[in-house]
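Basis for what follows: all heavy atoms, side chains included, without hydrogens, waters or symmetry-related copies.
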Amino acid sequence: MFKNFMYKGLIGATCALAMTGMVGCGEMDNHSAYAFVVDAPAQITVNKTAEVDVTLKADEVRELGYEKVLIKVNVTDKDNLTLKATDTQGQEWDVAQIGFWGPQEGFEVTNDYDVTTTFKATAKKEGTYTVTLSLVDLNSEEAVLTTKTISVKAVNA
């Protein structure tokens, strides 16, 4: 059985030393890793608003955060599902229609970021709706940092 050892070098590289005697080095990414935590019901009632808490948090805290990110929102049937949230200026937005959450020019996430936003979800008709959230780095050609997909079933009362 082989065992690997990892260490951070003096010049910011991470190196691995395997019991075989081989060494591999590469640049270490000092950015935190992030995750979405979604507290959503598995089922909602048509034409009745349900609250959905979405937390974006650093789940692996490292030295750096990101300067300009945006949360892209993709809804399978955006004509029949609204996802509304209120920003820090008191403005309500339907993110299912606009396709993102956050200022269009992006916002900063710190290395230990942990923020929850409550969305109000309303379905206009029965069906299963899929929502995909993607955190993208606007400084790196919209590189996807993390993604979360959830499904919710809407039923008549």
Side-chain angles (χ1 to χ4, degrees), residues 6 8 11-14 16 25-157:
M6 300 290 289
K8 183 177 177 183
I11 58 172
T14 299
C25 294
E27 282 299 314
M28 185 173 134
D29 184 2
N30 288 330
H31 288 92
S32 291
Y34 300 88
F36 289 107
V37 178
V38 180
D39 183 16
Q43 184 173 295
I44 63 174
T45 303
V46 172
N47 293 320
K48 186 174 179 184
T49 300
E51 290 190 350
V52 178
D53 287 333
V54 177
T55 301
L56 173 61
K57 63 184 270 179
D59 68 342
E60 195 173 314
V61 178
R62 297 185 187 136
E63 187 177 331
L64 302 173
Y66 289 87
E67 292 176 355
K68 289 175 57 176
V69 298
L70 190 63
I71 299 171
K72 298 269 183 137
V73 181
N74 185 9
V75 177
T76 54
D77 187 356
K78 66 182 181 180
D79 293 332
N80 290 302
L81 180 71
T82 61
L83 287 175
K84 294 183 178 180
T86 303
D87 66 18
T88 56
Q89 284 76 43
Q91 175 71 39
E92 185 175 69
W93 300 91
D94 182 355
V95 299
Q97 291 300 310
I98 62 173
F100 62 90
W101 176 243
Q104 197 166 8
E105 66 277 3
F107 62 97
E108 180 182 5
V109 290
T110 59
N111 66 326
D112 59 349
Y113 196 82
D114 188 347
V115 173
T116 300
T117 302
T118 299
F119 291 85
K120 296 174 185 171
T122 308
K124 295 179 184 174
K125 69 176 191 175
E126 280 189 313
T128 300
Y129 298 90
T130 302
V131 179
T132 302
L133 306 170
S134 300
L135 181 68
V136 297
D137 180 6
L138 296 179
N139 283 337
S140 185
E141 298 180 14
E142 297 194 8
V144 176
L145 304 173
T146 190
T147 299
K148 176 81 171 186
T149 300
I150 61 163
S151 293
V152 65
K153 184 176 183 177
V155 297
N156 286 317

Would you give me the side-chain donor-acceptor pairs under 3.5 Å for residues 113-123, sequence neighbours excluded?
residue, atom, partner, partner atom, Å
T116, OG1, T55, OG1, 2.6
T118, OG1, D53, OD1, 2.6
T122, OG1, T49, OG1, 3.0

Donor-acceptor pairs are to be reported for all side-chain atoms of residues 142-149 against protein atoms at under 3.5 Å, with residues two or more places apart or in another chain.
residue, atom, partner, partner atom, Å
E142, OE1, K72, NZ, 2.8
T146, OG1, Y34, O, 3.2
T147, OG1, S134, OG, 3.4
T149, OG1, T132, OG1, 3.2

If you look only at distance, which donor and acceptor atoms sit under 3.5 Å apart when one is on a side chain in residues 96-107 and the other is two or more places apart or in another chain?
residue, atom, partner, partner atom, Å
Q97, NE2, K78, O, 2.6

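Looking at residues two or more places apart in sequence or on another chain, you find no side chain to side chain contact (heavy atoms under 4.5 Å, CB included) involving E141. In this structure, the side chain to side chain contact (heavy atoms under 4.5 Å, CB included) partners of A35, at least two apart in sequence or on a different chain, are D59. Applying the side-chain hydrogen bond (donor to acceptor under 3.5 Å, both in side chains) test to D112 and every residue at least two apart in sequence or in another chain returns T110.
Panel note: side chain D94, backbone L83; a donor-acceptor pair is recorded below 3.5 Å. Side chain of T76 to main chain of T130: a donor-acceptor pair is present (N/O by atom type, distance under 3.5 Å, no hydrogens or angles). The main-chain N or O of K124 is never found under 3.5 Å from a side-chain atom of N80 such that the two would form a donor-acceptor pair. Side-chain N or O atoms of T86 include none that pairs as donor or acceptor with a backbone N or O of E92 at under 3.5 Å.
Looking at L135 and L56, their side chains come closer than 4.5 Å, going by heavy atoms from C-beta outward. Side-chain contact check for K48 versus V46: every heavy-atom pair is 4.5 Å or farther apart. E67 places none of its side-chain heavy atoms less than 4.5 Å from the side chain of V109. In this structure, the side chains of L70 and D137 stay at 4.5 Å or more apart for every pair of heavy atoms. Within the 4.5 Å cutoff, no side-chain heavy atoms of V52 are placed close to those of D39.
The two atoms that bring K125 and A154 nearest to each other are O-CB, 3.7 Å, heavy atoms only. Scanning both residues, K68 and N139, for their nearest heavy atoms gives CD-OD1, 3.6 Å. Among all heavy-atom pairs drawn from P41 and E51, the shortest one is CD-O, 4.2 Å.
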Stepwise side-chain contact (heavy atoms from CB on, under 4.5 Å) check, V131 with L81: CA-CA 10 Å; V131 179; L81 180 71; 4.0 Å; yes
